[in-house]
Participant: 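Take a look at this one; I'll ask things after.
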Amino acid sequence: MKFPGRSVGESGNGFAGAAGPASFTIHVDITNTQALPKEDTRTALAHQGPWRVVVLNDPVNLMSYVVLVFKKVFGFDETTARRKMLEVHEQGRSVVWSGLREKAEAYVFTLQQWHLTAILEPDEAH
Amino acid sequence: MKRIEVKLSLAVVAPLLDVIKEVAGGLEKHLAAPLALQDLEPDFQETWVDELLEHQKTEVATLLGLFGDEFFSDGIVAFDEDNAETIVRACAAVRLRLREKYLQGLGDDTLESGEIDLTHLEEPLRKAFMCYLFLATVQELIIQHLDETILDT
């Protein structure tokens with residue numbers, strides 16, 4: 001599965017896939033290092049720490065389809081996938097994953113490929 | 001390779017294809033599920049949307065490809081592990097777009113349950129809702145019969 005990666009340095013290519021390990025290679029040219037502008041610093045700080053992937057309810061996608069997607073994308077077993085699907089259905093949302101921002105984005109991309117609506121939010125429990 | 005063949009009623013399904021094709025056309029430029037991430041960098045967001053649209057177009061083309069000569073000669077469509085995942089996703093995309101374009105007035109409860117008296121609906125709403133139900137049936141068939149295969153690939 002292809003995920004359009006962020007362009008970082010000359011050879012940073014983002015991810016190979018949401019379910020696999022992130023391979024986010026960053027090359028830093030020491031001779032060309034500059035201080036980050038304040039805005040970028042704030043953005044970088046905001047992206048640190050764990051993020052939650054939250055799937056939102058929609059009235060269209062079938063329950064069986066959402067279970068399939070959760071099993072396929074996150075490797076959930078049937079029971080976990082059904083529990084998460086019911087959370088989405090009954091509460092309007094379910095936290096399906098938590099972790100680094102870049103990988104969370106990759107999961108949102110993958111869920112979007114399956115036509116589910118997902119958002120990211122800071123995981124304030126950590 | 002596990003494969004299921006489904007014989008459909010030409011008289012029922014053929015008239016729905018025009019609606020499905022029309023709605024599918026709208027998916028060339030619009031994501032079926034709106035992008036809910038607001039804080040992506042603009043360049044990254046553009047790349048992301050372009051890539052998603054490419055996937056979506058491929059899925060929809062595979063779905064429409066089911067309804068070729070074989071379908072019009074004997075009403076048969078076939079699903080296997082090569083096309084199942086793509087078609088399940090295409091059905092989701094087209095159903096979301098059907099809601100966007102035709103079905104918003106029906107309310108979420110009706111869309112979730114699928115329970116409505118079709119004779120009370122007027123065209124083009126009736127035909128759009130039949131497409132919505134038909135594509136859900138295709139999804140259910142695939143998930144029921146090919147789920148393990150899909151997950152293994």
Side-chain angles (χ1 to χ4, degrees), chain A residues 1-8 14 19 39-40 42-43 46-47 51 53-78 81 88-90 92-93 101-102 104-122, chain B residues 27 31-41 43-52 54-56 59 84-85 88-100 103-104 106-114 132 135-144 146-148 150-153:
Chain A
M1 193 168 306
K2 195 174 165 197
F3 177 72
R6 288 171 183 277
S7 168
V8 178
E39 187 62 34
D40 288 351
R42 276 199 298 274
T43 304
H47 285 191
W51 286 73
V53 176
V54 183
V55 174
L56 304 180
N57 190 36
D58 72 66
V60 173
N61 283 310
L62 301 171
M63 290 183 178
S64 56
Y65 176 78
V66 177
V67 170
L68 170 70
V69 175
F70 285 173
K71 284 158 75 177
K72 180 95 178 166
V73 174
F74 298 101
F76 291 160
D77 58 27
E78 179 76 22
V88 175
H89 182 64
E90 290 164 3
R93 50 182 273 140
R101 167 84 189 198
E102 283 77 10
E105 284 180 3
Y107 274 124
V108 171
F109 181 83
T110 305
L111 291 167
Q112 191 90 37
Q113 281 187 311
W114 284 89
H115 313 297
L116 298 190
T117 303
I119 58 171
L120 288 180
E121 60 184 29
Chain B
L27 290 168
L31 291 177
L35 195 61
L37 287 189
Q38 305 303 330
D39 61 343
L40 288 178
E41 296 156 23
D43 287 351
F44 188 51
Q45 184 158 330
E46 195 179 326
T47 308
W48 189 325
V49 170
D50 287 347
E51 184 106 358
L52 288 166
E54 272 308 307
H55 280 280
Q56 203 171 259
E59 291 162 11
E85 181 178 314
V88 163
R89 277 152 54 145
C91 289
V94 175
R95 277 165 47 83
L96 284 160
R97 190 73 185 157
L98 277 165
R99 179 205 185 206
E100 184 80 16
L103 307 176
Q104 294 211 5
L106 292 182
D108 289 355
D109 288 344
T110 303
L111 291 178
E112 283 194 8
S113 68
Y132 183 80
L135 294 171
T137 306
V138 170
Q139 285 186 300
E140 288 286 16
L141 268 172
I142 291 174
I143 292 169
Q144 208 173 350
L146 294 171
D147 187 6
E148 293 301 320
I150 291 172
L151 289 168
D152 284 346
T153 54

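Sequence lines set the chain letters: A, B, ... in the order given, protein chains first and strands last, and positions in each chain run from 1. Any value given below was found using the heavy atoms of this structure, including those in side chains, with hydrogens, waters and symmetry copies removed. In this text the structure is predicted, and so the values were computed from the model without any measurement.
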Participant: Could you check which of B:S113, B:G114, B:A92 has the highest count of heavy-atom pairs closer than 4.5 Å to chain A?
Facilitator: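 Most heavy-atom pairs under 4.5 Å with chain A: B:A92.
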Participant: Quick check on A:L56 against chain B: is it the side chain, the backbone, both or neither that has a heavy atom closer than 4.5 Å?
Facilitator: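 Contact with chain B involves no heavy atom of A:L56 at all.
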Participant: Any side-chain heavy atom of A:L62 within less than 4.5 Å of one from B:R95?
Facilitator: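 A:L62 vs B:R95: side chains touch.
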Participant: Identify which part of B:E59 has an atom lying under 4.5 Å from any heavy atom of chain A, answering side chain, backbone, both or neither.
Facilitator: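 For B:E59, side-chain heavy atoms alone lie under 4.5 Å from chain A.
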Participant: Could you tell me the separation between the CD1 atom of B:I142 and the CG atom of A:L68, rounded to the nearest 0.5 Å?
Facilitator: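 B:I142 CD1 to A:L68 CG: 10.0 Å, rounded to 0.5 Å.
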Participant: How far does CD of A:Q113 sit from CD of B:E54, to the nearest 0.5 angstrom?
Facilitator: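 One gets 12.0 Å once the value is rounded to the nearest 0.5 Å.
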Participant: Give, for atom CD1 of A:I119 and atom CG of B:L35, the distance between the pair rounded to the nearest 0.5 Å.
Facilitator: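 Rounded to the nearest 0.5 Å, the CD1-CG separation comes to 12.0 Å.
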Participant: So what's closer than 4.5 Å to chain A heavy atoms on B:L31: side chain, backbone, both or neither?
Facilitator: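 For B:L31, side-chain heavy atoms alone lie under 4.5 Å from chain A.
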Participant: Which distance, rounded to the nearest 0.5 Å, do you find between the OG of A:S64 and the CD of B:Q139?
Facilitator: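 If I round to the nearest 0.5 Å, the distance is 7.0 Å.
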Participant: For the side-chain contact (heavy atoms from CB on, under 4.5 Å) test, which of B:R99, B:E100, B:E112 pairs with A:V60?
Facilitator: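 Checked B:R99, B:E100, B:E112 against A:V60; only one passes side-chain contact (heavy atoms from CB on, under 4.5 Å): B:R99.
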Participant: Could you give the distance from CD (A:Q112) to CH2 (B:W48), rounded to the nearest 0.5 Å?
Facilitator: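 The distance works out to 7.5 Å.
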Participant: Do A:H115 and B:Q56 make a side-chain contact, defined as non-hydrogen atoms from C-beta onward lying under 4.5 Å apart?
Facilitator: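 They are in contact (side-chain heavy atoms under 4.5 Å apart), so the answer is yes.
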Participant: Is the shortest side-chain heavy-atom distance between A:W114 and B:H55 below 4.5 Å?
Facilitator: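 No - every pair of side-chain heavy atoms lies 4.5 Å or more apart.
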Participant: Should we say atom CG of B:D109 is surrounded by more than 12 heavy atoms from elsewhere, each under 6.0 Å from it?
Facilitator: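 Not buried by this count: 12 neighbours or fewer within 6.0 Å.
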